[in-house]
Amino acid sequence: MHAHYRPEIIEPEAQRHWEEKQAFRATEDAASPKYYCLSMFPYPSGKLHMGHVRNYTIGDVLARYHRMKGYNVLQPMGWDAFGLPAENAALANNVAPAGWTYANIDYMRGQLKRLGLAVDWSRELATCKPDYYRWEQWLFTRLFEKGLIYKKMATVNWDPVDLTVLANEQVIEGRGWRSGALVEKREIPMYFMRITAYADELLNELDNLPGWPERVKTMQRNWIGKSFGVEIHFPLNQRHQEGGEVLKVFTTRADTLFGVTYVAVAAEHALAQQAAAGNPELAAFIAECRQGSIAEADMAIMEKKGMDTGLVVYHPFTNEPVPVFVANYVLMGYGEGAVMAVPAHDERDFAFAQKYDLPIKPVIRPADGELPRPLGEAFVEHGMLFDSGDFSGRASQDAIEKIALVLKNLKLGEKRTTYRLRDWGISRQRYWGCPIPIIHCPTCGDVPVPDEQLPVVLPEDVKIDIGSPIKKMPAFYETPCPKCGGQAKRETDTMDTFVESSWYYARYACPDSDQAMLDERANYWLPVDQYIGGIEHAILHLLYARFFHKLMRDVGLVTSDEPFTNLLTQGMVIADTYYRDLGEGKKQWINPADVEEREGVAVLKSDGQPVMVGGTEKMSKSKNNGVDPQSLIDQYGADTARLFMMFAAPPEQSLEWSDAGVEGANRFLRRLWKTVYEHVEAGVLDAREGGELNTAALDFRRLLHTVIAKVSDDIERRKQFNTAIAANMELMNALVKLDGDDTQTRALKQEALEAIVLMLAPIVPHICRDLLMALKPGACLMGAAWPEVDESALVRDEIELMLQVNGKLRGKIQVAADAAKEAIEQAALASPEIRKFMDGKPAKKVVVVPGRLVNVVV
RNA sequence: GCCGGGAUGGCGGAAUCGGUAGACGCAGCGGAUUCAAAAUCCGCCGUUGGAAACAACGUGGGGGUUCGAGUCCCCCUCCCGGCACCA
């Protein structure tokens, strides 16, 4: 054993050893319990960032811990390889997206291996490879035939200068990021997956996921947004007859129907279009509504604007005319593209009515009071109806039922359940994605590509400029119709990259299966026992993956209902952002590593000129605020990087990056090495297994086994590694202070050092591999078991109790561990500290909390 | 704007079921070692008052429940994530 800790030597050696022995190769084995540990796969953006290091270290700790506990562990790794950044990089650097992606994968694979992850690399996959996406195309054709994929018009961001569709993140303050042109909304045909058909199951099954964080389940429930309401028809003609034209709206507050003072429709709504025909001002307003991005966040914060169409519809009960407004906040894609507005009982309608001087008619009052007059703000709670015809005097909930019933009899509406969840538009007009396997035939319509013609391979050797190259490539899109053989055109849109990431976890079980999307190995490994990934995926990715699991179940590929039994949502690694304004809303984001502080001002290192300070945000490609972990690994080694990441914050919390603290992690490892070295130099011996010890040694041994129990619980149940590490540091501090060179004490130290090395092995595996070999010649970390708690070491004779007077800490006493409540109470009341603060007054009450404290109330 | 989460010393964080607030580490300060420095080792380290013993105050702000609140409830502020074409 070398006297000094030298990670640059022991880490490559350990990694070589594991690779040679194929130590992490997973095979299906019915004899031992399986543990499928999965971290979200990375997008190959170029180099690893801190979020990756955090994510994969958490996964690795859990994988290695379960290996030591005797599980048959699978921990795979792969690449979420399709996506927008490859096209951007291709444009910027004049390279093909494929080449850029593969180069990034090669580099990042090297970085991941340098972290020493216990990954089965034989299962590596990349979603941009035809042997992966061919099965996605295969499933697409099945779903298409089942009617779970359909085509409809959808709104996109259109850049009128670059003549291209923009992603939401490419729209900056309403303008295209490259052209600077005002972005327009445009309707184009797209394929949709019918996720709403599974809305109820996706909602209900959340109750069967006790291993998921409550906050994620809450977010998904709210996202699905099941609500019970009433569809209400407003006739277009005052003398409405059954079957006549109506304007349909959906509301959860049918009880406020008598408070409707206008209705609002989307700019794209037929009524708006009709009214605009003879009204240039309205036409101009509708054109204005078409500007701006389609992102919901933008829509929600923009100024609410509207204009009277001059048209009216008629109230289904009173038959009174109700004006029709066009409003920029009503979206065509949601519900019927029209809403009934009740200013008195809806905040948004209230603001709108005030702005346009529309009547505000209250019809609900609090159950036990009156509404203030005039109304200063909308009263949005349920209450009692008034001024509502026959329904006056009813409570809101009751009124909703009755109103729905009466509307149904009038054939002017009915109760309906709706979801906020919308079907999933999967078409993208981009190049670097999985081709949609559809052939458009003038005679046969949309024809799915037959199995034997799959995969539809995406050409990789292309030149990138504005727009997708395959849309200009006849060799790609010209094809005969599989049905009639006539000339047809292949679909040139590709799929949303969320599709690839919705099923990769299953493909890891059988990545080489070339006869089917999944084979029987999938049912051995699935569901994933532990899934680990960023909280930013709480809704979209996790909901889509759950949806896909059910789709795969329903085509007979898997037997389970849910993909991920336990979910750990790691907090973000966040860092400061810096930028320079380039004008026209464009910003150049500058990496924190290139910025330093001079005289309190942030400046770019290369030119010394100031940069703007942005917020502290998630490390991301778009904000260029990722900190490269490579220098950390180069300087201190993977174990220090891993230890620091696990020690800096608990996994679920966000972690603000700072360079400080790494040194401390490294110092601890050097200290651990030195302590083991000195112990080993004096001769190794058998670890002690209990027996007679002096008080100090007994106390130490109790601490040792308390720590083993705590660390096991921290890793397995709490998944909180910072406290597991802290407990080991505390134990090390105590060990160094434990005096004695006698065999008794040295055997105890041997026991403790072996335990510490094993407990830290999941977190810092390289150093622990060497230390274990030194402590127990011939021992191998790969076969080592997790240390066991010796319950007999935990027994105490005396315990310390806190003494409080009126809830304030005033002292402490020692009592026998098995002392009776009465005895404790007497001892407490007799203690000088208590007597002093009781001030001669009698005790009103004495609270004894066993094992904790005594509180005397005077 | 809507949904979800967070705020504890100079800093990262601990306190697991309502029961010792500040474990562990970083930074800082003092000392040992050294020709000197790095490294290492020992000690101190919430704020205020006090020589000390000790006392008062203290978990973003305001209110409440409780013998007892960082933890539970109500209101507010700020920060972070998501909002369906970033992944």
Side-chain angles (χ1 to χ4, degrees), chain A residues 40 42-43 45 80 83-85 88 156-157 165-171 213-216 218-223 225 293-302 304 329 333 347-348 420-430 496-498 501 534-541 543-544 569 571-572 574 615-618 620-622 644 647-650 652-656 658 660-665 667-668 670-671 674 710 713-714 717-718 720 722-723 725-730 733 736 800-809 812 844-847 849 851-853 855-857:
Chain A
M40 290 182 185
Y43 178 79
S45 54
D80 188 13
L84 194 55
N88 296 338
V156 294
N157 300 307
V165 175
L166 298 178
N168 282 335
E169 77 157 7
Q170 295 174 315
V171 180
E214 210 49 57
R215 60 173 167 164
V216 174
T218 304
M219 280 191 267
Q220 292 213 350
R221 279 189 196 104
N222 291 341
W223 185 261
S293 98
I294 58 163
E296 193 190 286
D298 294 334
M299 307 286 274
I301 56 172
M302 75 186 172
K304 309 287 179 287
Y329 63 84
E347 277 168 35
R348 193 174 56 180
R420 208 185 73 94
L421 181 70
R422 314 193 301 257
D423 276 338
W424 177 12
I426 55 163
S427 293
R428 297 292 178 272
Q429 296 68 48
R430 288 180 237 298
D496 180 1
T497 55
F498 269 126
S501 55
I535 183 67
E536 68 271 26
H537 295 292
I539 298 175
L540 291 180
H541 162 63
L543 193 65
Y544 291 149
T569 48
M572 230 89 37
I574 56 180
T616 307
E617 293 181 54
K618 160 175 93 150
S620 71
K621 293 175 286 293
S622 56
F644 172 69
F647 185 59
E652 301 231 295
Q653 267 179 45
S654 65
L655 184 152
E656 192 171 333
S658 87
V662 176
E663 189 65 44
R667 189 178 304 151
F668 174 73
R670 287 202 308 266
R671 194 158 167 239
K674 197 179 101 184
K710 177 183 171 49
D713 186 51
D714 277 352
R717 180 180 63 87
R718 298 213 300 156
Q720 187 167 298
N722 56 332
T723 48
I725 294 164
N728 273 295
M729 287 176 166
E730 219 176 326
N733 290 343
V736 170
E800 195 178 47
L801 293 184
M802 298 302 119
L803 297 179
Q804 295 182 338
V805 177
N806 288 337
K808 283 197 178 190
L809 183 68
K812 39 187 92 165
K844 266 195 230 161
K845 187 175 174 183
V846 180
V847 181
V849 183
R852 290 278 185 182
L853 55 74
N855 186 17
V856 181
V857 185

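Reminder, nothing fancy here: chain letters follow the sequence lines and each chain counts from 1.
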Any side-chain N or O of A:R420 under 4.0 Å from OP1/OP2 of B:C3?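 For B:C3, neither OP1 nor OP2 has a side-chain N or O of A:R420 closer than 4.0 Å.
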
For [X] and [N], what is the distance between atoms [atom1] and [atom2] respectively, to the nearest whole Å?
X	N	atom1	atom2	value
A:D298	B:A84	CG	P	8 Å
A:Y43	B:A87	OH	P	7 Å
A:N222	B:C3	CG	P	8 Å
A:E652	B:G4	CD	C1'	13 Å

Nucleotide N/O to protein N/O under 3.5 Å, stretch nucleotides 55-58 of chain B:
unit_1: B:A56; atom_1: OP1; unit_2: A:R810; atom_2: NH2; d: 3.4
unit_1: B:A56; atom_1: OP2; unit_2: A:R810; atom_2: NH1; d: 3.4
unit_1: B:C57; atom_1: OP2; unit_2: A:K808; atom_2: NZ; d: 2.8

Closest-nucleotide mapping onto RNA chain B: is A:A167 or A:K304 further toward the 5' terminus? I mean the 5' end.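 The answer here is A:K304.
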
Given B:U40, B:G81, B:A84, which nucleotide is nearest the side-chain atoms of A:K674?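 The answer is B:U40, which lies nearest to the side chain.
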
Atom pairs, protein N/O to nucleotides 62-66 of chain B N/O, distance under 3.5 Å:
none

Can you name the residues that form a side-chain contact (heavy atoms from CB on, under 4.5 Å) with A:R420, not counting sequence neighbours?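 In terms of side-chain contact (heavy atoms from CB on, under 4.5 Å), with neighbours along the sequence ignored, A:R420 is linked to A:W223, A:E296.
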
The dot-bracket string of RNA chain B, counting Watson-Crick and G-U wobble pairs with both distances under 3.5 Å, using [ ] for crossing pairs and | for pairs to another strand, is (((((((..(((......[....))).(((((.......))))).((((....))))..(((((..]....))))))))))))....

Letter per nucleotide, 5' to 3', of nucleotides 42-47 of chain B [B base touched, S only sugar-phosphate touched, - untouched; heavy atoms, 4.0 Å]: ------

So if I define the base as every atom that isn't primed, P, OP1 or OP2, how would nucleotides 13-20 of chain B read as a B/S/- string at a heavy-atom cutoff under 4.0 Å? SSSB--BB

